[in-house]
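Only one structure is covered here, and it is reproduced in the block below.
The first residue of the sequence shown is numbered 1, and numbering continues consecutively from there. Note that ligands are numbered from 1 as they come in the structure, with each ligand's atoms numbered from 1 the same way. Side chains are part of it too, since the values below use all heavy atoms of this structure and drop only hydrogens, waters and symmetry mates.
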Amino acid sequence: MASTQGIYSSSSNVKTRRSLLAAKLSRREPSFVPVSPACRPVRPAKSVARDTPPGLSPISNSPHSMATTPEKDPISLWNRYVHWLYQNKDLGLYLDVSRIGFSDGFFEKMDSKMQRALAAMQELEKGAIANPDEGRMVGHYWLRNPSLAPNSSLRLQIEKTLDSVCEFANKIISAEIKPPSSPHGRFTQILSIGIGGSALGPQFVAEALAPDNPPLKVRFIDNTDPAGIDHQIAQLGPELASTLVIVISKSGGTPETRNGLLEVQKAFRDAGLEFSKQGVAITQENSLLDNTARIERWLARFPMFDWVGGRTSVMSAVGLLPAALQGIDIREMLFGASLMDEANRKIVVKNNPAALLALCWYWATDGVGSKDMVVLPYKDSLLLFSRYLQQLVMESLGKELDLDGNRVNQGITVYGNKGSTDQHAYIQQLREGVHNFFVTFIEVLRDRPPGHDWELEPGVTCGDYLFGMLQGTRSALYSNDRESITVTVQEVNPRSVGALIALYERAVGLYAYLVNINAYHQPGVEAGKKAAGEILALQKRVLAILNEASCKEPVESLTLNEIADRCQEPGQIEMIYKIIAHMAANDRAIIAEGDCGSPRSIKVFLGECIAYDL
Ligand SMILES: O=P(O)(O)OC[C@H]1O[C@H](O)[C@H](O)[C@@H](O)[C@@H]1O
């Protein structure tokens with residue numbers, strides 16, 4: 001007999017005939033039970049007031065200006081759900097767009113635009129220069145189906161790289177290739193150094209798919225934060241001797257990655273280890289990194305291709321090598337992506353999940369990014385999906401100019417962590433606060449591997465709670481007119497992860513065509529990098545001037561104004577103050593006398609006369 005149990009006490013784990021039957025049923029193809037439908041209709045979302053850039057007319061084509069046909073009762077909502085539900089049987093993936101309030105008329109109205117986008121995507125897959133500013137082809141779709149590559153030399157490059165990734169990973173895992181001086185006699189750890197697209201994909205895949213006891217465990221250096229780097233190295237401790245260091249950079253010249261490499265190489269020297277015997281580079285041929293790895297005779301080098309962008313590189317050696325080393329089935333991941341790509345080539349929008357997603361984004365954001373995309377996977381292992389999507393979506397869509405040179409300031413903001421955790425953080429605002437978002441729920445049907453589940457209350461498992469939280473939040477948001485999309489997968493496995501990545505890659509590409517922007521360049525990123533370079537150059541000049549003054553007898557201490565004048569950069573006085581404050585805080589021989597809170601009072605000199613070779 002079921003006892004009345006407290007919320008924290010568990011029921012016994014005795015399997016009744018009913019629970020066995022339920023377990024059997026749950027292994028079948030899922031039968032979708034509709035969530036208790038919301039009672040209130042979807043109202044057309046209000047267009048968010050936006051500043052219109054000069055020279056541009058206000059949002060003229062807002063989909064919300066069209067009359068919607070909101071569902072008013074549970075049965076018509078159920079009909080809408082059934083009508084729009086997309087299912088991909090091979091992938092066990094479903095896409096539910098019924099809680100986005102578009103009308104049928106919207107899809108009809110957008111069809112010619114979408115057909116043009118699909119045709120452009122077809123050209124891209126055939127090798128057209130789809131990134132006009134950089135004059136590049138865009139070929140990440142070929143990575144999972146090399147037969148699509150526009151010529152046999154590209155096809156061979158892809159196949160050869162995949163084979164060499166698998167072969168190298170097998171040799172590392174089987175200890176055919178060993179670190180020279182590890183007591184373990186084999187590699188046990190991976191330290192991946194890279195940033196942006198050279199980190200986010202591998203991080204997402206590792207979090208989603210690495211087994212509990214992988215052949216090699218992975219950790220990441222994805223910043224130039226010295227304390228963060230120290231932490232990773234300290235965590236490795238003596239296992240540095242059995243660490244495979246994978247340095248990933250498409251350009252091969254990204255400063256954060258270079259710095260991470262230099263720091264790790266120093267740690268190797270300090271530990272008396274030979275870095276080259278444990279270093280692997282993934283980069284474009286003849287890049288600075290490639291040349292360094294070749295000259296220093298690192299353990300291995302793998303290519304990145306010119307026609308694969310960083311944010312879509314997870315299915316190149318960038319994502320595949322770390323994944324294979326963690327024992328993840330990379331061919332299944334590629335297969336999942338290729339199945340999704342096939343589905344995304346369908347010209348009937350209702351049968352094309354990426355087109356459905358792109359149109360929902362267009363509807364929800366007025367085609368101008370007026371609403372944010374909140375991504376909520378209800379599964380811990382998918383925690384990094386939203387972070388991964390942040391780069392994929394925001395770096396691809398966040399553009400000042402459209403393809404005709406008009407200023408459009410496009411983009412869609414992406415954020416989110418995971419449910420139900422976020423329900424205890426910011427769902428309050430989503431439900432009741434500013435209405436500037438739409439949600440994407442990622443639902444995973446399989447709670448745990450078969451045979452592990454148990455009922456913590458009579459008839460209820462821990463996973464049922466997670467399910468309930470998702471459905472409850474979806475309903476609660478909808479009943480307050482907050483739109484949502486739900487992507488459902490059977491389980492988190494290499495195939496479904498490959499499919500999810502491919503789904504969003506294509507949706508981003510299609511959406512970019514709908515709003516007439518280049519999704520494959522990132523001109524805005526350069527400004528920050530250039531400014532950082534200028535600041536470091538200024539720091540070197542400041543040091544040279546202080547050095548000259550401090551080597552005098554007696555030592556000459558300088559005000560900030562004097563330093564700025566001698567640098568011939570009076571307009572940079574604030575930056576000079578910040579440089580000095582930063583260096584002084586780091587015991588860098590700089591002595592700043594006076595009150596840091598009133599910068600004009602500060603006088604600066606070097607505590608020692610250092611012959612900086614600047
Ligand atoms: O792979 P890398 O060349 O080192 O580039 C790393 C990252 O650098 C920049 O920030 C780009 O905007 C990203 O798209 C890129 O992924």
Checklist entry - For atom 5 (O) of ligand 1, what is the nearest protein heavy atom, given as residue, atom name and distance? => result Thr254 OG1, 3.6 Å
Checklist entry - Would you call Lys277 and Glu274 a salt bridge, using N to O less than 4.0 angstrom? => result yes
Checklist entry - With sequence neighbours left out, what residues match Arg155 under salt bridge (Lys or Arg N to Asp or Glu O under 4.0 Å)? => result Glu159
Checklist entry - If you measure from atom 16 (O) of ligand 1 to every heavy atom of Ser396, Gly310, Gly197, which option wins on shortest distance? => result Gly197
Checklist entry - To which protein heavy atom is atom 7 (C) of ligand 1 closest, and what is the distance rounded to 0.1 Å? => result Ile195 O, 3.9 Å
Next on the checklist: Test of understanding: given a 4.0 Å heavy-atom threshold, classify the contact between Gln522 and ligand 1 as side chain, backbone, both, or neither.
Outcome noted: side chain
Checklist entry - For residues Asp222 and Gln203, is any side-chain donor paired with an opposing acceptor at under 3.5 Å? => result yes
Next on the checklist: Less than 6.0 angstrom separating the ring centers of Tyr504 and Phe385, yes or no?
Outcome noted: yes
Checklist outcome for this item: The closest protein heavy-atom partner of atom 10 (O) of ligand 1 is Val525 CG1, 3.5 Å
Checklist entry - Are Phe302 and Phe168 close enough that their ring centers fall under 6.0 Å? => result yes
Checklist entry - In terms of residue, atom name and distance, what is the protein heavy atom nearest to atom 8 (O) of ligand 1? => result Lys529 NZ, 3.9 Å
Checklist entry - Judged by non-hydrogen atoms, does Gln391 sit under 4.0 Å from ligand 1? => result yes
Next on the checklist: Is there a polar contact, in the sense of an N or O pair closer than 3.5 Å, between Ser249 and ligand 1?
Outcome noted: yes
Item to check | Protein residue, atom and distance nearest to atom 12 (O) of ligand 1, heavy-atom basis | outcome: Glu395 OE2, 2.7 Å
Checklist entry - Can a cation-pi geometry be assigned to Arg387 and Tyr415, taking NZ or CZ under 6.0 Å from the six-membered ring centre and within 45° of the ring axis? => result no
Checklist entry - Is the backbone of Pro179 close enough, under 3.5 Å, to the side chain of Ser182 for a donor and an acceptor to pair up by distance? => result no
